[in-house]
Protein chains: 2
Amino acid sequence: MTALEQYISSYFGVPEEDVAAISSYFKPQQLRKQEYYLKAGQVCDTLSFQHSGLTRFFVQLPEKEVTQWIGTPAYFMTDLNGLMFGKPSRWSIQALEDCELFTIHKKDYLALGEQMPAWHELEKKFIARCFTYMEDRVFNLLAMSAEQRYQWLFGQHPALFNQVPLQFLASMLGMTPETLSRIRKKQLM
Amino acid sequence: MTALEQYISSYFGVPEEDVAAISSYFKPQQLRKQEYYLKAGQVCDTLSFQHSGLTRFFVQLPEKEVTQWIGTPAYFMTDLNGLMFGKPSRWSIQALEDCELFTIHKKDYLALGEQMPAWHELEKKFIARCFTYMEDRVFNLLAMSAEQRYQWLFGQHPALFNQVPLQFLASMLGMTPETLSRIRKKQLM
DNA sequence: GTAACTTCTTGATTTTTGTCAAGAAAAGGA
DNA sequence: TCCTTTTCTTGACAAAAATCAAGAAGTTAC
């Protein structure tokens, strides 16, 4: 089994022949550090599995830049607004370091849905998980203080704080870099 | 066409015979004011179309209560964590006023997926839209001030502010009732 | 290795938002 | 209708987080 096949198998829990069929649609792609996977305003027409490297989803506002998400290995990357609804993206996706991806283009993505009966259901469940994760994020932003949000993210992905510039994590947590710095200082004392 | 059929048709854009097939699975259900559709800790095993009335999704914390969402007519209501993954709900769903629902139970919901080939794809797209909406909500909470968030919600659903106790809307917007009250006063001047 | 650049930390200060408390307004029930 | 209960508003104050500014630490490129 290739790395991609293992990922697909663990995600979707489908028979091995389906795993092979699905993964055959995905093609290797390199992304160099700083390179863009997608630029704001473009219509995203790919879906990628992130095998290695880190990516950043961000929105450029007139006054500031907002990091919506950090893409990490073993997760999928796309802009659903583009892939599913043909709408332009509000954010850019940029590589924070060199990345190895497995990418499927929209044409093949649609073919996959037609040729593999179970695909829509698998994808539905996958997107549903993403939705419930977003529900959690909204809840955290509604109910928790900056410090509690930090602890939540640190509890889930401690390694991120050594890999990603802290200013991006601060933004993703809904606080300024200064606030994150002070929270982290307090944790040490 | 019944009201339910019209809703399904407008949501999913499917042929009329499919609309009839889908809607035949949904049964009318009444919910009295204050009654619970779901209580925190229960596993949600229904999916309902909200024909009339308003509902509130909220989490009861030791110190405070957090309103995550207000359910309005012409939208679906469920807890995906329960319906799709069999997990207990973190929030309760309660009727703010008498509600008329069309409800499908999990058993029939699963049957629908098996008997109607297009169902999973329709549902996938529907959940994907919910996901992109949650992306917007997260972005708003990350990037906007309390006042901007108010204006955003008011721009989308001005009528809500006459129908729902403002304390619930304040919570859903991530602010206190006092802050919302002051923002609304400022809008008038 | 060093210069240039980026990122992080720290302090002082301001702004935003939350908390507490009391009264006003509105809604609901007998 | 009037009484009770809930919801909303307002003011005074406190706390949380943002802003501004400067310097330290860390990275990167030559």
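By convention in this document, chain letters (A, B, ...) are assigned in the order of the sequence lines, proteins followed by strands, and residues within each chain are numbered from 1.
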Can you tell me how far CZ of A:Arg90 sits from CD of A:Gln68, rounded to the nearest 0.5 angstrom?
->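 Atom-to-atom, A:Gln68:CD and A:Arg90:CZ are 7.5 Å apart.
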Does A:Glu178 get its side chain close enough to the base of D:dC20, under 3.5 Å, for a donor-acceptor pair?
->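 Answer is yes: a donor-acceptor pair is held.
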Step through the shown structure and confirm whether more than 12 heavy atoms of other residues, nucleotides or ligands are within 6.0 Å of [atom1] on [X].
X: B:Phe76; atom1: CZ; result: yes
X: B:Glu16; atom1: CD; result: no
X: A:Lys125; atom1: NZ; result: no
X: B:Tyr75; atom1: OH; result: no

Rounded to whole Å, how long is the line connecting atom [atom1] of [X] with atom [atom2] of [N]?
X: B:Gln163; N: C:dA27; atom1: CD; atom2: P; answer: 13 Å
X: B:Lys186; N: C:dT16; atom1: NZ; atom2: P; answer: 7 Å
X: B:Arg56; N: D:dT7; atom1: CZ; atom2: C1'; answer: 13 Å
X: B:Asn162; N: C:dA25; atom1: CG; atom2: C1'; answer: 15 Å
X: B:Met175; N: D:dC8; atom1: CE; atom2: P; answer: 14 Å
X: B:Lys185; N: D:dT10; atom1: NZ; atom2: C1'; answer: 7 Å
X: B:Glu147; N: C:dT16; atom1: CD; atom2: C1'; answer: 11 Å
X: A:Ile183; N: D:dA18; atom1: CD1; atom2: P; answer: 9 Å

Base, sugar-phosphate alone, or nothing: which one does A:Arg184 contact when heavy atoms must sit under 4.0 Å apart?
->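 Touches nothing.
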Select base, sugar-phosphate, or nothing to describe what B:Lys33 touches, counting heavy atoms under 4.0 Å on all strands.
->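 Since only primed, P, OP1 and OP2 atoms lie under 4.0 Å of B:Lys33, the category is sugar-phosphate.
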State whether A:Thr179 places a side-chain N or O below 4.0 Å from either non-bridging phosphate oxygen (OP1 or OP2) of D:dA18.
->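 Indeed, a polar side-chain atom of A:Thr179 lies that close.
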Kindly point out which of [options] is positioned nearest to the side chain of [X]?
X: A:Ser181; options: D:dA18, D:dC8, C:dT9; answer: C:dT9
X: B:Arg182; options: D:dT10, D:dA17, C:dC8; answer: D:dT10
X: B:Ser145; options: C:dT17, C:dG18, D:dT7; answer: C:dT17
X: B:Pro165; options: D:dT7, C:dT9, C:dT7; answer: D:dT7

